[in-house]
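In what follows, a structure is listed as structure tokens, so that the remarks can point back to it.
Counting convention: from 1, in listed order, for ligands and their atoms alike. Remember, predicted model here, so these are calculated numbers, not experimental data. Positions are given from 1, in the same order as the sequence printed here.
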Amino acid sequence: MAVDLHIHSTMSDGTLTPDQIVRVAQQKNLTAIAITDHDALAGVAPAIQAAEGSTLQVLPAVEISTEYHSAEVHILGYFIDTQAPNLLEKLKKIRAARRDRARRIAQKLTDLGLAITYEQIAAEAGEGSIGRPHVAATLVKAGYVQTSQEAFSRYLIPGRPAYVPRYRLKPSAAIQEIIQAGGLAVLAHPGIDNAQQYVDELMQYGLGGLEAYHTNHSPARTRQFLQLAQRLGLLITGGTDSHGPGGTMPVEIGSVAVPDKCFQRLLQWAEQHGRVGLPPRTAK
Ligand code: AMP
Ligand code: ZN
Ligand code: FE
Ligand code: FE
């Protein structure tokens with residue numbers, strides 16, 4: 001009964017298509033997955049379609065990158081209505097801002113003597129939500145750096161010369177959009193962003209869950225987050241945050257253990273909130 005509720009596809013900065021992710025999940029006998037692309041919902045429908053006729057359940061989901069006290073705070077949304085007009089419009093605006101930022105990063109890199117174009121970056125992103133990993137991949141292909149990691153640490157992170165901030169929602173707005181779209185808002189990987197300090201505040205906006213299980217959480221951190229979630233009455237989620245082979249987080253799909261009990265609680269939440277029947281539960 002294994003699940004992976006945090007996976008990126010080519011619809012953002014992952015390297016596997018939604019179809020390929022579904023196939024891998026089926027090979028690994030997972031019972032449920034969520035494709036949580038950055039600021040994009042386009043991976044959900046193809047994955048649900050690819051899983052049709054199998055017992056793999058695909059939860060509609062998204063990961064929204066927000067900003068709080070100038071730090072990154074990622075909010076996951078589960079069981080969202082992927083046709084919710086307000087959410088779709090907000091995400092579209094964010095993706096447009098991502099494209100603008102990629103243009104400005106290309107300009108900065110060119111000024112630094114690393115001649116890459118926006119078109120090259122956009123080609124890396126394909127139909128996906130464009131991000132710094134696509135810039136990194138372009139720099140690797142052009143031979144300016146050896147690895148994506150080197151591209152980040154030399155040029156693309158805050159304080160480095162080609163870093164460009166972009167328009168981001170506040171966590172309160174992201175949570176609100178997710179709730180309005182019928183979904184459950186979850187704080188992603190608090191261990192990466194050190195965002196657990198904001199949990200109380202975020203709960204006031206309607207945060208309903210905490211991603212305790214994550215590739216980058218040590219067992220000790222995971223235990224802390226489980227205790228925190230229990231104390232505050234938050235639901236618990238977990239996943240690998242896999243970005244596919246060769247991606248920025250090339251961990252294997254399904255490699256983070258999430259207790260079935262946690263997943264069953266999520267399904268219970270969905271049922272109580274009328275969110276079942278969206279993805280087929282036991283497909284025929
Ligand atoms: P963006 O959404 O364009 O801001 O890019 C964020 C993505 O870049 C994250 O989801 C990671 O996949 C990747 N990333 C961010 N920081 C780093 C870093 N320091 N090293 C490698 N990858 C990173
Ligand atoms: Zn990513
Ligand atoms: Fe994230
Ligand atoms: Fe992620």
### Query
Is there a nitrogen or oxygen of H38 sitting under 3.5 Å from a nitrogen or oxygen of ligand 1?
yes
### Proximal ligand 1 atoms for I157, defined as those under 4.0 Å from one of its heavy atoms
19 (N)
### NZ or CZ of R103 within 45° of Y118 ring axis and under 6.0 Å
yes
### Query
Vertex the Fe ion (ligand 4): angle to NE2 of H8 and OD1 of D241, to 10°?
90°
### Query
Using 4.0 Å as the upper bound for N to carboxylate O, is an ion pair formed by R23 and D19?
yes
### Task
Return a yes/no value for S65: is any of its N or O atoms, backbone included, closer than 3.5 angstrom to an N or O of ligand 1?
no
### Message
Using only atom types and a distance under 3.5 Å, with no angle test, would you say the side chain of Y78 pairs donor to acceptor with the backbone of L5?
### Response
yes
### Message
Looking only at N, O or S atoms, which one in E63 sits nearest to the Fe ion (ligand 4)?
### Response
OE1
### Metal site the Zn ion (ligand 2): N/O/S of D13 inside 2.8 Å
yes
### Query
Looking only at atom types and distance, does a side-chain atom of T31 sit under 3.5 Å from a main-chain N or O of V3, one as donor and one as acceptor?
no
### Query
Restricting to N, O or S atoms of H38, which is nearest to the Zn ion (ligand 2)?
NE2
#### Entry: Presence of N, O or S from H6 under 2.8 Å of the Fe ion (ligand 4)
yes
### Message
Under a 3.5 Å distance rule, please check whether R95 uses its side chain to pair with a backbone N or O of D39 as donor and acceptor.
### Response
yes
### Message
What's the separation between atom CG in N86 and atom CD in Q176, rounded to the nearest 0.5 Å?
### Response
9.5 Å
### Task
Please answer whether the main-chain N or O of S9 pairs with a side-chain N or O of D37 as donor and acceptor at a distance below 3.5 Å.
yes
### Query
Under 4.0 Å from any heavy atom of G131, which atoms of ligand 1 are there?
3 (O)
### Message
For atom 21 (C) of ligand 1, what is the closest protein heavy atom, and at what distance to 0.1 Å?
### Response
Q149 OE1, 3.2 Å
### Query
Among protein heavy atoms, which lies nearest atom 6 (C) of ligand 1, and at what distance?
R132 NH2, 3.7 Å
### Message
Suppose we measure from atom 3 (O) of ligand 1 to each protein heavy atom; which comes out shortest, and what is that distance?
### Response
R101 NH2, 2.4 Å
### Message
Within the structure provided, determine whether R166 and S65 are in side-chain contact (heavy-atom separation under 4.5 Å).
### Response
yes
### Query
Is a donor on one side and an acceptor on the other found under 3.5 Å between the side chain of S12 and the backbone of H8?
no
### Task
For D13, take its heavy atoms, then give the atoms of ligand 1 lying under 4.0 Å from any of them.
7 (C), 10 (O), 12 (O)
#### Entry: Qualifying residue for side chain to side chain donor-acceptor pair (under 3.5 Å) with H189, from E63, E211, E72
E63
### Task
Evaluate the side chain to side chain contact (heavy atoms under 4.5 Å, CB included) criterion for residues T17 and I21: first the C-alpha distance (whole Å), next the side-chain angles of each, then the deciding distance (0.1 Å), finally the verdict.
CA-CA 6 Å; T17 64; I21 290 169; over 6 Å; no
### Task
Provide, to 0.1 Å, the distance between atom 15 (C) of ligand 1 and the closest protein heavy atom, together with that atom's residue and name.
F152 CE2, 3.5 Å
#### Entry: R98: numbered ligand 1 atoms lying under 4.0 Å from its heavy atoms
1 (P), 2 (O), 3 (O)
### Task
Around atom 11 (C) of ligand 1, find the nearest protein heavy atom and jot down its residue, atom name and distance.
T248 OG1, 3.9 Å
### Query
So is H243 close enough to ligand 1, meaning a heavy atom under 4.0 angstrom away?
yes
### Task
Report yes or no: does R168 contribute a side-chain atom to a donor-acceptor pair with the main-chain N or O of E67 at less than 3.5 Å?
no
### Summary
Quick look: L156 vs ligand 1, heavy-atom contacts under 4.0 Å, and the answer is neither
### Message
Counting only nitrogen or oxygen atoms and a 3.5 angstrom limit, does H74 reach ligand 1?
### Response
no
